[in-house]
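Notes for the one structure printed next.
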Amino acid sequence: MVAIIDVKGFSKYYGDYLAVENVSFEVEEGSSFAFLGPNGAGKSTTINTLCTIIDKTSGTLLIDGQDVSKQQKKVRKAIGIVFQEPTLDQQMTVQENLVAHCILYGVPKDEIGERIGILLDLVDLVEWRNSLVSTLSGGMKRRVEIVRALVHYPKVLFLDEPTTGLDPQTRNRMWEYILKLQKEKNITLFLTTHYIEEAEVCDRVAIMDDGKIIVNDSPQALKAQYTKTRAILKVKDPRKAEICLLQQEFQYERKGGYLHLDVADMGKFIEMIHSLKQNILDMEVTKGSLNDVFLEITGKEIREGGDTD
Ligand SMILES: Nc1ncnc2c1ncn2[C@@H]1O[C@H](COP(=O)(O)OP(=O)(O)OP(=O)(O)O)[C@@H](O)[C@H]1O
């Protein structure tokens, strides 16, 4: 794999406080990578160090082969950032904000108009080009922030909790836009989030807690390793179904008219369903979530404490 982000032994102290402890990971070029963890886990500290906003205490952090502590200018050209806090100038138009950013990043003058047009089109904001930012909704402002982060054609787009504070519907739409832009521009996505659903759609997830990465793998592999698949069956004849489950050595619980069971072996489960098929009225099979992964490893919920939405 080509690692566009390569972090080895990264630690960060604020005074005497160790916020990130000896963290190492790589991010493959063109992939999406999420840092998932509760408030205070050290996600922003890591992203801010990668983005050259703060400096490390120790370790090596490379983006596209450039050291983020030593080659800050080159690193800044290679990245786009969407911060947690809004940073657009509210008293300027969308176009003015974007042009100012292009000039700052040395985008060739004759390309500025076209690039802005293409990106605004991708996020359905072309007709808002000449509107004052202050007149846009929260979701629209976030979309402009994303366009601004991409208009100098960075290789890596950093998103620090990009959808915090947005309602669920706007969050979903934002994700459609983000993934569309990633595909069209083949950029690497690096995001921090405490929304499980946002991490689920990424190629890899590093779960962070208390300044350390506790696991780093694909969401599917994490769920397969740390969670159970469960099934709920609604059957016509519960007695017959229970005999079948007992014969095939399934552990189950009867709750109301439903049978709840753990699926340890999918092959064995499918065979059992096959033998029960005349008896089944309805069935639901669910995998554990990344929250279950976190719970299994740390004994606590990702969302516990602090976060209220
Ligand atoms: N400038 C600072 N000075 C002192 N401590 C800090 C500073 N910035 C962050 N911290 C502390 O470092 C720890 C990690 O913070 P960080 O913001 O990186 O966590 P996070 O996972 O991004 O959480 P959040 O989702 O709340 O942003 C926290 O305990 C935080 O209080």
Side-chain angles (χ1 to χ4, degrees), residues 5 7-25 27 32-61 63 68-69 72 75 79-87 138 141-142 145-146 149 156-168 170-171 174-175 178 188-202 204-217 219 222 289-291 293-309:
I5 301 177
V7 174
K8 289 199 172 66
F10 164 55
S11 294
K12 173 71 185 175
Y13 278 91
Y14 294 108
D16 292 339
Y17 181 70
L18 182 56
V20 177
E21 183 179 354
N22 194 24
V23 156
S24 301
F25 61 92
V27 179
S32 51
F33 185 93
F35 254 2
L36 177 69
N39 294 123
K43 306 181 299 293
S44 296
T45 299
T46 308
I47 212 169
N48 286 341
T49 310
L50 282 167
C51 294
T52 77
I53 294 161
I54 56 174
D55 201 10
K56 67 187 182 191
T57 305
S58 57
T60 312
L61 299 92
I63 292 185
V68 303
S69 301
Q72 297 188 344
V75 168
I79 65 175
I81 316 167
V82 178
F83 296 99
Q84 272 182 37
E85 300 302 326
T87 54
K141 286 179 192 167
R142 292 256 99 186
E145 301 247 7
I146 291 173
V156 184
L157 177 62
F158 286 96
L159 301 152
D160 194 5
E161 306 201 356
T163 61
T164 295
L166 300 178
D167 62 76
T170 313
R171 262 203 332 251
M174 283 289 301
W175 267 99
I178 291 170
T188 306
L189 269 188
F190 184 111
L191 81 138
T192 72
T193 183
H194 49 244
Y195 293 120
I196 307 290
E197 323 84 69
E198 296 189 343
E200 297 261 6
V201 297
C202 290
R204 279 185 90 87
V205 179
I207 297 185
M208 214 174 177
D209 187 33
D210 225 0
K212 299 186 199 78
I213 290 181
I214 46 179
V215 282
N216 172 4
D217 212 328
L222 290 174
S289 70
L290 287 174
N291 196 42
V293 174
F294 191 75
L295 188 64
E296 175 67 22
I297 301 171
T298 66
K300 55 188 184 183
E301 303 265 345
I302 286 184
R303 305 287 292 277
E304 91 188 355
D307 190 30
T308 51
D309 58 357

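The structure presented is a predicted model; accordingly, all values stated were derived computationally and were not measured. Both counts, for ligands and for their atoms, begin at 1 and track the order of listing.
- With hydrogens and angles ignored, the 3.5 Å screen pairs a side-chain donor or acceptor of Ser24 with a backbone N or O of Gly9.
- One option in Gly42, Gly37, Ala19 has a heavy atom closer to atom 21 (O) of ligand 1 than any other, and that option is Gly42.
- Remark: atom 30 (C) of ligand 1 lies closer than 4.0 Å to no protein heavy atom.
- At least one heavy atom of Pro38 lies less than 4.0 angstrom from ligand 1.
- Proximity of Glu301 to Phe294: side-chain heavy atoms (C-beta onward) are nowhere separated by under 4.5 Å.
- Contact annotation: for Glu161 versus ligand 1, heavy atoms closer than 4.0 Å belong to the side chain alone.
- Checked by atom type, the side-chain pair Asn22/Ser11 shows no donor-acceptor distance below 3.5 Å.
- At under 3.5 Å, a nitrogen or oxygen of Ala41, whether backbone or side chain, sits near a nitrogen or oxygen of ligand 1.
- Nearest protein heavy-atom contact of atom 18 (O) of ligand 1 is Thr45 OG1, 2.6 Å.
- Looking only at heavy atoms of the protein, atom 26 (O) of ligand 1 is closest to Asn39 ND2, 3.2 Å.
- A donor-acceptor pair under 3.5 Å is formed between the side chain of Arg204 and the backbone N or O of Asn216.
- For atom 11 (C) of ligand 1, the nearest non-hydrogen atom of the protein is Tyr17 CE2, 3.8 Å.
- At the shortest separation from atom 27 (O) of ligand 1 among protein heavy atoms lies Ser44 OG, 3.3 Å.
- Using cut-offs of 30° and 60° on the angle between ring planes, the pair Phe33 and Phe25 is parallel.
- Closest to atom 6 (C) of ligand 1, if we only count protein heavy atoms, is Tyr14 CD1, 3.2 Å.
- Considering only heavy atoms from C-beta on, Ile213 comes within 4.5 Å of Phe35 through its side chain.
- Taking the side chain as every heavy atom from C-beta outward, Glu145 and Pro162 never approach each other to under 4.5 Å.
- A side chain to side chain donor-acceptor pair (under 3.5 Å) with Ser69 holds for exactly one of Thr49, Asp55, Thr60; it is Asp55.
- Among all non-hydrogen protein atoms, the one lying nearest atom 14 (C) of ligand 1 is Gly40 O, 3.4 Å.
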